[in-house]
Amino acid sequence: MKIKLIALPLLAFVFNACYQNLDPQNLKQTLYVTHNESTMPVYLFGNSESKKIILVIHGGPGGNGMEYRSGSYTQTLEEKYLMAYWDQRGQGMAQGKQTEEAFTIANLAADLNAVVLTLKKRFGDEYEMILMGHSWGGLLGTAFMVNPEYQKNISGWIEANGAHDLPLLNKTAIEKFRIESKKQIDAGNSVDEWSGISDWAENIDINDISSAESVEINEKAFEVEGYLQNDGFLEFEDPSFRDLKIALFSPENPLTSFLSGNITNVLLDAEIEQSSLTAQLYKINKPCLLIWGKYDFVVPAALGESAINLISSTNKKLVIFEKSGHSTMSNEPEKFSKEVINFIESL
Amino acid sequence: MVKIFLLFVSLFITSHCLFSQNTFKEKPDWPKGNYRIAYYGNIGVNPGIDLGYEFAFLENVKTKDRTRRNREIIKYKTRRLEIVPEFGMFFDLGSQTSVFEKINLQYKKINNHRFSFTGSVGAGYLQNILRNVYTFDDLGISEQGMQLYNYFAPEIKVGIGRIHLRNGKMGGTYLNFSSQFLFNYNTSILPAPAIELGYRFK
């Protein structure tokens, strides 16, 4: 009994030491970036010989980087490029002793700049950095990209279902709820459920959406994705054995990530609700790929449609996936990775 | 994972109940202090080890003498207050190693069936050790290598166990449910619950 009790942690220690793999074609390493009192992990997986790094900006706020490693799209991308999954300040396994005032979008964008420059130092200036932000990560990534000092270190920007303009998001979401519910009721799909959505959406004044209604929009958006999935409008990838392995051996402690993330979400919430970066999108002059789902009610494709016309880049593309909702990478992973690879190869 | 954990706990409790018929024939003479070693699992998935020493500074053994069906039954109940210095560590695979040192005030009750219940409160420090740390500040980026984050960590703990005395030597298994509370973790407090499955010996 005593031997087992000692052996178990020793085995864990050995396993922990083996977690790192420095083979450049199959790199596996965790590094930490300390900036402004926060120490944030960056989990590196994939082919570093490509000299191209995709830095993933996770959603939430309150999510974590490793959530984005699940799914076959990362398997394809990791074979070709080095993927960097970053835990933002106060989220995932990021730690430190900070004040609540440190939690602003500007500070998080500065953290992202610190991560970009640290990766450049770790791997070399010849490495190309491509940012990929999803949902809230789209807002944070846009806040980073509209700063010319930050943007100059980036080779490309991929925004997937990015929430870069909350007031516009709320307004277009309500319009989308109204139009889509009518369409679905007419087609006889989940009629009772869509009728409820229709009644709720009709009662909201799109010119005066409160914070409480904004939260409701988010909840209803995920709710309707369920109806659309049941009626066959959305595709979903079944979890694989690789996903199970990622979940079981993830460096993220789920409880730590959940608790820290929820607190951070509350701290950033008020600023996010007011955030509108549409007027600054012209400052982006690096190649951009915008990916949206046709059935995304959380962040409607209207945001992508308006952004693509305002971005100054000459190399820019908007792709709307026909069988996707808010998680384009999970809904249509093959298409997603194909678009990302085509974009990166075009740089 | 939850099912395996519940099965494990129920097996532990069942085995204790099955063996609980063995009672003390005479007043137990517990040693003043004993060691303990445990598997320490932060929420059950991050493995580690916990070492401690339980030192009793207050002890009260109650004797109950009853007669049932013309048979005299003597029951002994022990209550102890103990000081428990502890040291341990656990790993978050692929991210960090945590080391903790703390001191707990523990109440222990041992009944006539050699079944123990413990409850304790304490405080200490927890250090998170991180590898491959880079610091970004006004002076630029510097590679720190290893960095240590220190947190004040009060703790609460409850547990059950079984204790035996053979030829004056003490031993027995125990299961504790504990939670450390890390101050200030980011902007707040982070609970770090853990299970401890261990062995007491002298």
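Just so it is clear: chains get the letters A, B, ... in the order the sequence lines come, proteins before strands, and each one is counted from 1.
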[X] versus chain B, the contacting section by heavy-atom distance below 4.5 Å:
X: A/Leu259; answer: side chain
X: A/Ala102; answer: neither
X: A/Thr118; answer: both
X: A/Lys97; answer: both

Under 4.5 Å from any heavy atom of chain A - which part of [X]:
X: B/Leu190; result: side chain
X: B/Tyr149; result: side chain
X: B/Phe183; result: backbone
X: B/Asp138; result: neither
X: B/Gln147; result: side chain

Crowded around [X] [atom1]? As in, over 12 foreign heavy atoms under 6.0 Å?
X: B/Asn60; atom1: CG; answer: yes
X: B/Phe57; atom1: CZ; answer: yes
X: B/Tyr35; atom1: OH; answer: no
X: A/Glu37; atom1: CD; answer: no

Between A/Glu100 (side chain) and A/Leu267 (backbone), is there a donor-acceptor pair under 3.5 Å? no
Rounded to the nearest 0.5 Å, what separation is found between the NZ atom of B/Lys77 and the CD1 atom of B/Ile110? 13.0 Å
Would you compute the distance between atom CG of A/Asp87 and atom CE of A/Met40 and round it to the nearest 0.5 angstrom? 10.0 Å
A/Gln91 and A/Asn64 side chains, donor-acceptor separation under 3.5 Å: no
What option among A/Val42, A/Thr264, A/Thr99, A/Thr39 has the most heavy-atom pairs under 4.5 Å with chain B? A/Thr39
Counting heavy-atom pairs under 4.5 Å with chain B, which one of A/Ser260, A/Pro41, A/Ala114, A/Ser38 comes out on top? A/Ala114
Leading residue by heavy atom contact count with chain A [cutoff under 4.5 Å; candidates B/Asn128, B/Leu130, B/Leu51]: B/Leu130
